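Any value given below was found using the heavy atoms of this structure, including those in side chains, with hydrogens, waters and symmetry copies removed. Everything quoted here is computed from the prediction, not taken from an experiment. Both ligands and their constituent atoms are indexed starting at 1 by order of listing.
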Amino acid sequence: MQRTLTIIKPDGVKKNLIGEVISRFERQGLRIAALKKIKLSKDGAKGFYIVHRERPFYESLTDFMSEGPVVVMVIEGENAISKVRDIMGATNPADAAPGTIRRDFAENVERNIVHGSDKPESAAFEIPYFFSQIEIL
Ligand code: DAT
Ligand code: MG
């Protein structure tokens with residue numbers, strides 16, 4: 001059993017895709033262990049994406065992530081990290097496989113609808129960034 005942190009990004013919330021995205025995860029046998037809708041501040045977004053601080057897209061990415069509400073979730077299941085990433089599709093929707101969330105809904109490499117932890121070490125940082133232990137059930 002593995003846990004991963006998933007975010008429906010501001011573009012996904014704006015496009016009314018909360019239910020659609022959650023359904024895709026649930027249909028693949030994953031379980032929502034925690035969930036809330038929040039709005040990140042610019043600093044909150046910068047802290048979450050701190051690993052990307054040297055990347056040229058860091059400022060633009062963190063502006064986008066703080067432009068409107070997001071839904072943050074802890075998703076649980078066998079191989080949840082790679083399962084969620086398979087359902088999401090590649091970072092750039094142009095490279096994402098047919099039937100993935102990003103291929104079906106994302107506008108471009110930045111506005112790409114969803115986030116999912118990329119490895120257990122990332123999940124271990126990202127889950128407590130948003131949730132305390134008593135909120136994960
Ligand atoms: P992922 O979200 O697939 O794990 P990542 O960790 O490499 O991708 O990058 C984090 C986010 O940063 C990504 O979802 C969108 C944005 N991003 C990545 N590469 C980018 C690029 N070349 N130009 C603009 N934004 C980019
Ligand atoms: Mg990543």
Side-chain angles (χ1 to χ4, degrees):
M1 203 56 69
Q2 196 174 50
R3 284 176 175 170
T4 184
L5 191 281
T6 301
I7 305 178
I8 304 174
K9 297 183 180 184
D11 56 338
V13 172
K14 221 167 275 173
K15 290 176 192 236
N16 244 5
L17 293 171
I18 296 172
E20 173 69 29
V21 169
I22 291 175
S23 290
R24 289 185 182 214
F25 295 135
E26 288 189 331
R27 281 205 296 271
Q28 296 306 313
L30 294 162
R31 214 177 61 76
I32 310 301
L35 176 151
K36 59 189 169 191
K37 188 181 192 183
I38 60 168
K39 186 174 181 300
L40 283 168
S41 64
K42 172 76 173 174
D43 281 347
K46 286 173 91 170
F48 179 76
Y49 275 124
I50 193 73
V51 292
H52 293 313
R53 66 189 174 284
E54 309 291 351
R55 309 288 285 276
F57 55 80
Y58 184 57
E59 277 305 317
S60 170
L61 171 66
T62 52
D63 279 345
F64 163 55
M65 288 300 289
S66 55
E67 78 176 29
V70 297
V71 172
V72 290
M73 296 178 272
V74 178
I75 294 186
E76 191 172 76
E78 213 173 298
N79 300 315
I81 291 175
S82 65
K83 261 191 200 162
V84 163
R85 289 195 62 98
D86 286 349
I87 297 164
M88 284 166 43
T91 307
N92 189 337
D95 305 326
T100 59
I101 293 169
R102 283 166 165 173
R103 174 69 171 264
D104 287 348
F105 302 114
E107 277 163 47
N108 56 52
V109 68
E110 179 172 280
R111 303 180 75 86
N112 63 5
I113 308 282
V114 277
H115 167 85
S117 309
D118 63 349
K119 53 181 189 285
E121 297 72 26
S122 306
F125 168 76
E126 293 173 0
I127 291 170
Y129 196 82
F130 293 112
F131 294 98
S132 66
Q133 268 197 34
I134 58 165
E135 293 177 300
I136 305 168
L137 302 161

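Between Arg55 and Tyr49 the shortest side-chain heavy-atom distance does not fall below 4.5 Å. The shortest distance between side-chain heavy atoms of Val84 and Val114 does not fall below 4.5 Å. The side-chain heavy atoms of Arg24 and Asp104, taken from C-beta on, include a pair separated by under 4.5 Å. Between Lys46 and Arg53, every side-chain heavy-atom pair lies at or beyond the 4.5 Å cut-off.
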Identify every side-chain donor-acceptor pair in residues 130-137 under 3.5 Å, counting partners at least two apart or on other chains, and give the distances.
{"unit_1": "Ser132", "atom_1": "OG", "unit_2": "Glu135", "atom_2": "OE1", "d": "3.4"}
{"unit_1": "Glu135", "atom_1": "OE1", "unit_2": "Ser132", "atom_2": "N", "d": "2.9"}

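Ion pairing between a basic and an acidic side chain is recognised when a charged N comes within 4.0 Å of a carboxylate O; Lys42 and Glu59 show such pairing.
Protein residues are said to neighbour a ligand when one of their heavy atoms lies under 4.0 Å from it; for ligand 1 these are Lys9, Tyr49, His52, Phe57, Leu61, Arg85, Thr91, Arg102, Val109, Glu110, Asn112.
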